[in-house]
Enquirer: 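One structure, pasted below without further comment.
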Amino acid sequence: MKARVKNRLIGFVQIVFTACFIILNTSCGLDNIMYLYGPSVNAPPVYSASNTIPYTNRFFQFTTNPRDSSQGDFAVIGTDVYYKLYANLTTCANEYSALNTMANSESTKYNSASSLINSYKFQKLAIERTDGGRNDEAFIEHDGSLNTVTIRLTTYLQQPTSADFTAFVRFNDTAVGIPIRYYGNRYFDFKRHATNYNAPLPNTSSFEDDVSTNTSATESGKWYITLYAVTVGRDNAFTSMYSPIVHLGTLAIDANSYDN
């Protein structure tokens, strides 16, 4: 008799415990996992020996995603752009292939940003803003709407007076500044490194974590650059969360020519 009562009591306690666990999980939001959709890109330019890309198409463009939204203690900060410079085109292509595989796999895509930043050592693209401001939080801050971002890294000197042929960053149709490397306000027009224009050749100055360690050049004076975009959010503990990375394209910068 006592054993029967004991078993009933144990069963009752187990039911109550299970019910409380379910209620607490639901009320505390433990089953509410945040995901970021991230930016999108259409037909990114990809340089190759057989596809050198006409200069009019040598720009990067993406759109932010209005489906990404701040909720509770989680805030969408904005979308960042990361880049890396390569002397060797094969190394550039191999790293793109590895990152592309990771970004397109359901099991690894939400870890792709961590690999981009920590393993492959991509650096944040910065903006020299025309209004004197800074983009410390994100390349483009989140405002909940769909924004089109266009980036041209270098200036085409045969058309120096045309706004379409100069280095620029545009948010929608508004020019906001010029793209610069992650450190020291350095431009990407590598041929033009006079004292009044800070664009030193890669591997000729300090703070060059944005340059691949493989310095075996595919073609003397030619540099290859790959860009990715990723949306970032942060919780109240300042823990960052990233969307899957999006490849914006790969272009060549020819330091042997002023038309680079």
Side-chain angles (χ1 to χ4, degrees), residues 38-39 41 44-45 47 58-62 64 77-88 91-92 95-96 99 103 112-142 149-155 166-171 175-193 197-215 222-234 238 240 242-243 245-253 255 260:
V41 62
Y47 175 92
R58 292 183 195 175
F59 61 86
F60 306 90
Q61 190 173 77
F62 68 92
T64 60
I77 305 303
T79 299
D80 272 322
V81 177
Y82 285 83
Y83 75 97
K84 188 173 179 178
L85 289 158
Y86 301 84
N88 189 281
T91 300
C92 177
E95 292 192 0
Y96 159 72
L99 286 164
S112 58
S114 177
S115 291
L116 182 85
I117 300 165
N118 299 316
S119 299
Y120 290 93
K121 306 300 182 183
F122 276 67
Q123 302 296 323
K124 279 188 181 183
L125 187 68
I127 306 173
E128 184 182 79
R129 298 183 65 102
T130 54
D131 62 5
R134 297 177 60 87
N135 58 320
D136 290 334
E137 282 290 343
F139 191 83
I140 179 169
E141 294 183 1
H142 178 73
V149 178
T150 309
I151 303 164
R152 186 187 286 280
L153 294 176
T154 63
T155 296
T166 59
F168 62 74
V169 177
R170 291 178 184 165
F171 295 165
V176 298
I178 300 173
I180 52 177
R181 294 170 68 181
Y182 80 105
Y183 179 87
N185 294 343
R186 295 173 291 187
Y187 304 103
F188 290 93
D189 297 302
F190 296 144
K191 181 72 175 181
R192 286 152 262 170
H193 49 95
Y197 194 91
N198 187 23
L201 294 168
N203 284 334
T204 62
S205 59
S206 57
F207 298 99
E208 294 205 302
D209 294 333
D210 55 351
V211 182
S212 170
T213 56
N214 183 358
T215 58
K222 188 164 285 187
W223 293 89
Y224 311 96
I225 185 166
T226 294
L227 269 63
Y228 286 88
V230 57
T231 299
V232 60
R234 194 175 297 141
F238 296 97
S240 294
Y242 298 94
S243 73
I245 58 175
V246 174
H247 180 235
L248 301 184
T250 299
L251 291 176
I253 302 173
N260 57 10

Enquirer: What's the separation between atom CZ in R186 and atom CG in N198, rounded to the nearest 0.5 Å?
Expert: 7.0 Å
Enquirer: Return the minimal non-hydrogen interatomic distance between L99 and L116, and the atom names on each side.
Expert: CD1-CD1, 3.7 Å
Enquirer: Counting only N and O atoms by type, is there a donor-acceptor contact under 3.5 Å from the side chain of N203 to the main-chain atoms of V211?
Expert: no
Enquirer: Counting C-beta onward and ignoring hydrogens, is there a side-chain heavy-atom pair between T91 and K84 closer than 4.5 Å?
Expert: no
Enquirer: Should R181 and E208 be marked as a side-chain contact (heavy atoms from CB on, under 4.5 Å) after you check the CA-CA gap, both sets of side-chain angles, and the distance that decides it?
Expert: CA-CA 9 Å; R181 294 170 68 181; E208 294 205 302; 3.0 Å; yes
Enquirer: Nearest 0.5 Å, please: how far is CD in E95 from OG in S115?
Expert: 11.5 Å
Enquirer: Identify the residue among F122, F139, F188, W223 that makes a ring pair (Phe, Tyr, Trp, His ring centres under 6.0 Å) with Y83.
Expert: F188
Enquirer: Tell me the closest heavy-atom pair linking R152 and T166, and the distance in Å.
Expert: CD-O, 3.2 Å
Enquirer: Taking the six-membered ring for Trp and the full ring for Phe, Tyr or His, determine whether the centres of Y183 and F207 are under 6.0 Å apart.
Expert: yes
Enquirer: To the nearest 0.5 Å, what is the distance between CD1 (I178) and CZ (R129)?
Expert: 12.5 Å
Enquirer: Say whether, by atom type as modelled, one donor and one acceptor occur between the side chain of S243 and the main chain of V230 under 3.5 angstrom.
Expert: no
Enquirer: Say you draw a straight line from CG of D210 to CG of L85; how long is it, rounded to the nearest 0.5 Å?
Expert: 5.0 Å
Enquirer: Assert yes or no for the condition that the ring centre distance of Y120 to Y228 is strictly below 6.0 Å.
Expert: no
Enquirer: Y86 pairs by side-chain contact (heavy atoms from CB on, under 4.5 Å) with which of N214, I225, T226?
Expert: T226
Enquirer: I'd like to know if the side chain of D80 reaches the main chain of K124, judged simply by a donor and an acceptor atom lying under 3.5 Å from each other, with no hydrogens or angles considered.
Expert: no
Enquirer: To check you understand the geometry: which heavy-atom pair defines the closest contact between H247 and L227, and what is its length?
Expert: CD2-O, 3.6 Å
Enquirer: Please round to the nearest 0.5 Å and tell me the distance separating atom CZ of R234 and atom CD1 of I77.
Expert: 4.5 Å
Enquirer: How long is the gap from CZ on R58 to OG1 on T154, to the nearest 0.5 Å?
Expert: 7.5 Å
Enquirer: Evaluate the criterion side-chain contact (heavy atoms from CB on, under 4.5 Å) for residue pair L153 and L251; output intermediate values, then yes/no.
Expert: CA-CA 10 Å; L153 294 176; L251 291 176; 5.6 Å; no
Enquirer: Which pair of non-hydrogen atoms, one from Y224 and one from A252, has the smallest distance, and what is that distance?
Expert: CD2-CB, 3.9 Å
Enquirer: Check the pair K222 / Y47 against side-chain contact (heavy atoms from CB on, under 4.5 Å), numbers first and verdict last.
Expert: CA-CA 12 Å; K222 188 164 285 187; Y47 175 92; 3.4 Å; yes
Enquirer: Taking all heavy atoms of K121 and all of Q123, pick out the closest pair and write down the distance.
Expert: O-NE2, 3.4 Å
Enquirer: At their closest point, which heavy atom of F190 faces which heavy atom of A255, and how far apart are they?
Expert: CB-CB, 4.0 Å
Enquirer: Answer yes or no: is there a side-chain heavy-atom contact under 4.5 Å between V81 and F60?
Expert: no
